[in-house]
Engineer: 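Structure incoming, see below.
The figures that follow rest on heavy atoms only: side chains count, while hydrogens, waters and symmetry mates do not. Read the numbers this way: they start at 1 and go in the same order the structure lists the ligands and their atoms. Residue numbers count from 1 along this sequence.
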Amino acid sequence: MSMTPMIEASDLSKTYFSRHGLLGRQTAVHAVDGVSLAVAPGTTLGIVGESGSGKSTTGRLLLGLEPPSAGQVRFDGAPMPALETTEWRKYRARMQLVFQDPLAALDRRLTIGAQIGEPLAIHAIGSEAERRERVATLLQAVGLRRDQAASYPHELSGGQRQRVVIARAIASDPQLLVCDEPVSALDVSIQAQVVNLLRDLQETRGITMVFISHDLKVVRNMSDRVAVMYLGRIVEEASSDEIFRAPQHPYTRALVSSVPVPGTALKDRIVLQGEPPNPAARPAGCAFHPRCAVAVARCREETPTLQVVASGHEAACHLVSGDPLAGIANLGSAAAPVGAAFTQTSASP
Ligand SMILES: Nc1ncnc2c1ncn2[C@@H]1O[C@H](COP(=O)(O)OP(=O)(O)OP(=O)(O)O)[C@@H](O)[C@H]1O
Ligand SMILES: [Mg+2]
């Protein structure tokens, strides 16, 4: 298995500097701090984590929309060209971004047909009649009617607008789609439809996808593999099945325990307590230790790195080792009400 990843990041970091007030001291925000990942062609990597964990920044770095402070991105085996260069523009047609707010992504003065056809017109793909036909086909592919090409964004529902954005994103036949919270602004009933649409498109077109969400439920339905981010770093990465079946990092365990499993009562829920993470004040040692119920002295001093805990499964926690049984045994106590950082809640009826 030596397939070239469609998108690959090595040791990617992004630091922002912000000053509070005129005389305020400049603070460094380590939004992304040493992220490495690789997504195999035609598969989906889900990125999950709390607000501020660096998910969107990672997505923008992967697309080359901003330069990294350190590290490198490779797309289809080649280094990402510098922003706004001719080379980069060529790459841009091969990778697309779908984000949370479809209204902001669309121009309210243009028909949706014109907007879906825009990438085709820009890249002069086909004749005008061919482009019109292609727009109609794309509308159908995302579950809209051909005649809706003549509609304006405000005439559509939120879910329909996100379908338009998706149609436009796939118009240029991209190899990579980065979806950043694509369903978070939609009603729950509509979310599943749009997730299913993305899955269908991904499967039928073999698009490689990075799917970003704070909602592990949604990520699970979409992803082959899942990366869990905490304060700018990946703290666990595994297949979607493994993440749910055998989460290793206490943070992942807390996230997973909050996802209801269909047909079973939600029990032994671990509720995350403590301060939400602040990337401008990263705790020493393991960044999660102030909220971790099983933290030991070492966790306050030494930053854990990702270690292989099982085949295709990595976690960054001092308490998990290469022996998955030992890891689970060490962390067994996380399921019991110990420490102040976790509260145990029982099954709701
Ligand atoms: N352009 C910027 N300038 C300064 N700080 C930034 C910038 N973009 C992001 N940050 C900071 O970097 C950190 C990570 O932000 P990011 O948007 O990547 O998080 P996220 O995981 O996508 O969060 P959310 O779930 O809220 O979308 C945050 O603390 C944020 O305030
Ligand atoms: Mg975000």
Engineer: Do you see a protein non-hydrogen atom under 4.0 Å from atom 31 (O) of ligand 1?
Structural biologist: no
Engineer: Hey, does Gly52 sit under 4.0 Å from ligand 1 if you only count heavy atoms?
Structural biologist: yes
Engineer: Arg300: what forms a salt bridge (charged side-chain N to carboxylate O under 4.0 Å, His left out) with it, not counting sequence neighbours?
Structural biologist: none
Engineer: Which bit of Met229 is near ligand 1, meaning a heavy atom under 4.0 Å away: side chain, backbone, both or neither?
Structural biologist: neither
Engineer: Considering only NZ, NE, NH1 and NH2 on the basic side and carboxylate oxygens on the acidic side, decide whether Glu87 and Arg92 come within less than 4.0 Å.
Structural biologist: no
Engineer: Of all the atoms in ligand 1, which lie at a distance below 4.0 Å from a heavy atom belonging to Ala31?
Structural biologist: 12 (O), 13 (C), 14 (C)
Engineer: Is there a protein heavy atom at a distance of less than 4.0 Å from atom 13 (C) of ligand 1?
Structural biologist: yes
Engineer: Minimum distance, heavy atoms only, to atom 26 (O) of ligand 1: which one of Ser51, Gly54, Pro279 is it?
Structural biologist: Ser51
Engineer: Output the list of atoms in ligand 1 that are nearer than 4.0 Å to some heavy atom of Thr57, sorted by atom number.
Structural biologist: 9 (C), 15 (O), 16 (P), 18 (O)
Engineer: Which ligand 1 atoms does Arg60 reach within 4.0 Å, using its non-hydrogen atoms?
Structural biologist: 8 (N)
Engineer: Rounded to the nearest 0.5 Å, what separates atom CZ in Phe75 from atom CE in Met6?
Structural biologist: 5.5 Å
Engineer: Taking both backbone and side-chain atoms into account, decide whether Gln100 has an N/O/S atom under 2.8 Å from the Mg ion (ligand 2).
Structural biologist: no
Engineer: Note the single closest protein heavy atom to atom 7 (C) of ligand 1, along with its residue, its atom name and the distance in Å.
Structural biologist: Tyr16 CE1, 3.3 Å
Engineer: Taking non-hydrogen atoms only, is Gln100 closer than 4.0 angstrom to ligand 1 via side chain, backbone, both or neither?
Structural biologist: neither
Engineer: At less than 4.0 angstrom from any non-hydrogen atom of Ser53, what atoms of ligand 1 do you find?
Structural biologist: 19 (O), 21 (O)
Engineer: Counting distance only, does the side-chain N/O of Asp107 pair as donor-acceptor with the main-chain N or O of Arg109 below 3.5 Å?
Structural biologist: yes
Engineer: Applying a heavy-atom cut-off of 4.0 Å, say which part of Lys55 lies close to ligand 1: side chain, backbone, both or neither.
Structural biologist: both
Engineer: Taking the six-membered ring of Tyr91, is NZ or CZ of Arg94 closer than 6.0 Å to its centre and within 45° of its axis?
Structural biologist: yes
Engineer: Quick test of your reading of the model: are Arg205 and Asp173 salt-bridged, counting only N-O distances below 4.0 Å?
Structural biologist: yes
Engineer: When you look at CD of Glu128, are more than 12 heavy atoms from neighbouring residues, nucleotides or ligands closer to it than 6.0 Å?
Structural biologist: no
Engineer: Does any donor atom in the side chain of Glu181 or His214 lie under 3.5 Å from an acceptor atom in the other side chain?
Structural biologist: yes
Engineer: Under a 4.0 angstrom heavy-atom cut-off, which atoms of ligand 1 come close to Glu50?
Structural biologist: 21 (O)
Engineer: Is the closest heavy-atom distance from Glu66 to ligand 1 below 4.0 Å?
Structural biologist: no
Engineer: May I ask you to decide if Glu118's main-chain N or O and Arg168's side chain share a donor-acceptor pair within less than 3.5 Å?
Structural biologist: no
